[in-house]
Number of protein chains: 2
Amino acid sequence: MKLLKDFKAHLQQMNNFQHAASVLYWDMQTIMPKNGAQAHIEALTQLSDHSFKLWASEKTDNFLTKLSESSNFEQLDDISKIMVTKLKEDFDRDKNIPPELVSRRTTRTNQSEQAWKTAKNADDFETMVPYFQEIIDISKEIVSYTDPGKDPYDALLNNYEKGMDAESIATIFEQLRKGTVPIIEAISTKKAPFDESKVLAKFPKLEQQKFADYLMNVIGYDLDSGVLGETEHPFTAGDAPNDVRITTHYHEKDIRPAIFSVLHEGGHAIYEQHIDKRLIGTGLNTGTSMGIHESQSRFYENIIGRNKNFWANHYDKLKECFPYYNNNISLDDFYQSINTVNPSLIRIEADELTYNMHIIVRFELEKALFDGSLAVKDLPEVWREKMKAYLGVEPKSNKDGVLQDVHWPAGLFGYFPSYTLGNIYSGQFLEQFEKEICSMDTILANNEINKVTEWLAKNIHQYGKMKTPVEIIQDTCGGSVDPKAIIKYYTNKYTKIYNL
Amino acid sequence: MKLLKDFKAHLQQMNNFQHAASVLYWDMQTIMPKNGAQAHIEALTQLSDHSFKLWASEKTDNFLTKLSESSNFEQLDDISKIMVTKLKEDFDRDKNIPPELVSRRTTRTNQSEQAWKTAKNADDFETMVPYFQEIIDISKEIVSYTDPGKDPYDALLNNYEKGMDAESIATIFEQLRKGTVPIIEAISTKKAPFDESKVLAKFPKLEQQKFADYLMNVIGYDLDSGVLGETEHPFTAGDAPNDVRITTHYHEKDIRPAIFSVLHEGGHAIYEQHIDKRLIGTGLNTGTSMGIHESQSRFYENIIGRNKNFWANHYDKLKECFPYYNNNISLDDFYQSINTVNPSLIRIEADELTYNMHIIVRFELEKALFDGSLAVKDLPEVWREKMKAYLGVEPKSNKDGVLQDVHWPAGLFGYFPSYTLGNIYSGQFLEQFEKEICSMDTILANNEINKVTEWLAKNIHQYGKMKTPVEIIQDTCGGSVDPKAIIKYYTNKYTKIYNL
């Protein structure tokens, strides 16, 4: 159909500019010399403005209107039907946003992110107050165009997790909190089974890179369609499924951060690498939501990567790459060192169990900022109170508190819940996988990660955005979002490790 | 002036898209995984089409027409005057090219470059014949719009070296050939002073990278505004003066290719890094011509990098990085090994002296292809004849002959002469520098490369495209292009080395 072909050519134009923006972003984070920043930011802004202009245009409107007419729509193949339906939905939300507002958001969040880097180092929350306030205001203004009448925070949540709202999340998170706190409390009365400081030594980057290469191969991250870069904060970026890149950060004294970030980002990337190639150019060729994305990254990082049987197969290679481990640390020691529970201040350093408490703190604060019950200036105080209440620790500085994450300075309000939703989903996927195939312990003992990936690819990866998160959960696990499975997983796991 | 400000904003838009294209190209050559090629090529084509559309637009026409009116022009600052004059000149050449033709050139040269990679490996010239023919035809067609009535090859030469034509180049090259051949012949009767194979061993990339870092610092390549990447064929790319990147290639058995490509590309990059910052955003912030560019790269690679006194100061560091050299190769040996003259088949492996003969062969062939006296299909035959006549060697395969370079497959007809013009200019700059400051031998013995760079920056680098090549030579050396100085340099140098 000519109409469809022309529309796809129009989409391809946008994709090209977005692809360029994505490469610029990658370059800025991994390669760009210091003095190149200004030209990169200007080009990025221009590409994103231009791409939005093409998107929110009369041309797009005409295409989508015509393609939605039943005489045309009925002629479309199945993928194109979903493409048109989803894009029409997105378009109808975006078409009313004034381009000036989009441009202002891009510029302001870039400035705010730059300001945050300095403010964080200087432990200076004051500087960030007007930025936070302006970003909240811009976000609300945008919602007034995309979702008039809707609660602004619910609308933001939907950007990352379609079908979710603050009330449902509050209920789910409360169940999770109730299921987790008793485990954390039980652990707190026990002595840690292993002194973590023993695994710290000096590990040259080259050794760590070598082991990262090995791990990427083990989990099946395809380097013909990906690449590993190095950044302060690891991330995944790219153009699925053919060019999906990850980064890691090498800590000189500790091999664990690089190992688990490679597994985590590798999980994100494997998701994108398995998206059906027929979705290229439709806008559906990316993960369906941040929550489902996190469920995959955490599946590889935690459910696979912190399982003892996984390491039974790969610890020899680890010892070969790191002579210090070969001489000093047994497999048992290593296993304990990657599963120690210890409530702490920094989210990205948190263990698997207490991690969700960090997210719940942020969710409750975001919600309060948007419903007006919390003023930006009071954030540090309430942060401290909640950390104390949920984790029993209290930051002495804002650097270790409210300023630790890039998300708010970068304008990503509504994003944080995805992390814990991802953990919850990963528990549901694990339960279902074990029902259908066999226990994860057995699979990993047999070194058959490929069977796990096959199952995830079949049920989740291949669909890209063809299914919503709710549909993925429903079709795969036969129910709705439910934290019971992950609570069960936590309970079993830590009961064994800590002898509870 | 509002008109100027608006025009600069319009230029900035084009610059942004070009900047993105340049980063995409860098990424494609250095980082991109194999399967990412298609998306990169599509995005590159789109960015270059879009940028050309913005450039060859009524909007640009209006701005340039108004700014050229004397009532406006007289109010401009000096830099803006040159900017408007040069851009008007370029615009008047480009405005008549049908955008379809530009797009076709981009697509075809990309396809041809891809085809060449396979054809070169398979030693298959036949496949390339239609590509070469089509690129020649497209080039002629473009010239019919940009320079109606002008000789097509002269027009192409002017793309790379404003103010040059085939006749002048033929005269200059003939003088150079006459001055060079007797030296080559004299050397051919002598035994090489050192057996080159002695410098081959096994050199880990890490050692070579460490020494490359050292060299970049020695020559003053600023890593706050640059970065070193790794590619099969070294190149320089970027956005002057703040983000100018170079690449090198590490040969496992020979340290010399990486050393001299870092010095060569470093020379290109140092040129761009010293361009006056006030030229950013004017389109004048890049090297004025490929010939002047090559004069700078060769200045650092050959005139500095193959001088014995340079190595007297840096050989200790080289020995520290490469234990094999420390144990086996004296400074004298090393100096001989980087200055051995040996007529050979491959341009990029040629020594400083015979290199120009490779260029003369290519220049004469290009000229003949465009004036119709040589058919594409006869290229291999004539290539062999000329190599035999000028260098006394004859390729057994097209891989070592006409298929060795990417330039023609990539559509860069008219580019090759720049290399030898660059050598000639570098001789003139050397002669003038020694007149004004002091002998290069002394400067390098005193480890004062910064004084050389200062002089080059003052006379050449800072101007970017503000001066033409002819103006640069005239203002710096007080004359026109003249190969005498470089012939004198060759004669002195090789008389000493080979005891002629």
Side-chain angles (χ1 to χ4, degrees), chain A residues 9 12-28 30-51 54 204-206 209 221-229 238-247 269 273 277 280-281 285, chain B residues 9 12-28 30-51 54 204-206 209 221-229 238-247 269 273 277 280-281 285:
Chain A
Q12 185 57 44
Q13 287 208 335
M14 282 178 261
N15 291 346
N16 285 336
F17 289 111
Q18 277 158 12
H19 180 70
S22 143
V23 173
L24 270 171
Y25 181 78
W26 166 272
D27 185 88
M28 186 154 87
T30 57
I31 303 281
M32 182 192 79
K34 200 170 84 175
N35 295 335
Q38 203 193 331
H40 266 57
I41 290 176
E42 277 179 38
L44 264 172
T45 308
Q46 173 102 29
L47 289 167
S48 101
D49 281 5
H50 187 71
S51 173
L54 285 174
K205 200 162 88 176
L206 210 71
Q209 279 172 338
Y221 172 55
D222 177 6
L223 283 168
D224 281 346
S225 301
V227 77
L228 173 65
D239 200 347
N242 289 322
D243 187 351
V244 190
R245 306 168 178 202
I246 65 172
T247 71
Q273 287 187 336
K277 282 193 165 42
I280 293 174
N285 58 324
Chain B
Q12 184 58 44
Q13 287 208 336
M14 283 178 260
N15 292 344
N16 285 337
F17 289 111
Q18 278 158 11
H19 179 71
S22 143
V23 173
L24 270 170
Y25 181 79
W26 165 273
D27 185 87
M28 185 154 87
T30 56
I31 303 282
M32 181 192 80
K34 202 170 83 174
N35 295 336
Q38 202 192 333
H40 266 58
I41 291 176
E42 277 179 37
L44 263 172
T45 307
Q46 172 102 28
L47 288 167
S48 102
D49 281 5
H50 187 72
S51 172
L54 285 174
K205 200 161 89 177
L206 211 71
Q209 279 173 337
Y221 172 56
D222 177 7
L223 284 168
D224 281 347
S225 301
V227 77
L228 174 65
D239 200 348
N242 289 325
D243 187 350
V244 190
R245 305 167 179 204
I246 65 173
T247 72
Q273 287 187 335
K277 283 196 164 42
I280 292 174
N285 59 324

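All chains are named by letter (A, B, ...) in the order of the sequence lines, taking the proteins before the strands, and each is independently numbered beginning at 1. Bear in mind that the values here come from a model prediction, so they are computed numbers and not experimental data.
The contact between B:Leu223 and chain A is made entirely by backbone atoms, counting heavy-atom distances below 4.5 Å. For chain A, no part of B:Gln18 is nearby; none of its heavy atoms comes within less than 4.5 Å. Using a 4.5 Å cut-off between heavy atoms, B:His50 touches chain A through its side chain atoms alone. For B:Leu206, the part lying under 4.5 angstrom from a heavy atom of chain A is the side chain only.
Looking at residues two or more places apart in sequence or on another chain, you find a salt bridge (charged side-chain N to carboxylate O under 4.0 Å, His left out) between A:Lys205 and A:Glu230. Partners of A:Asp222 by salt bridge (charged side-chain N to carboxylate O under 4.0 Å, His left out), not counting sequence neighbours: none found.
Contact count against chain B (heavy-atom pairs under 4.5 Å) is highest for A:Gly226 among A:Gly226, A:Ala37, A:Ala21. Chain B forms more heavy-atom pairs under 4.5 Å with one residue of A:His40, A:Met32, A:Gln38 than with any other, namely A:His40. Counting heavy-atom pairs closer than 4.5 Å to chain B, the top residue among A:Leu47, A:Asp243, A:Thr30 is A:Asp243.
In terms of heavy-atom proximity, B:Tyr221 sits nearest to B:Ile246 at OH-N, 3.6 Å. Among all heavy-atom pairs drawn from A:Asn285 and A:Ala240, the shortest one is ND2-O, 2.8 Å.
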Side chain to side chain contact (heavy atoms under 4.5 Å, CB included) between B:Glu42 and A:Asn15, worked out: CA-CA 10 Å; B:Glu42 277 179 37; A:Asn15 291 346; over 6 Å; no

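Tested against B:Leu24, the residues A:Val23, A:Asp27, A:Leu24 include a single side-chain contact (heavy atoms from CB on, under 4.5 Å) partner, A:Val23.
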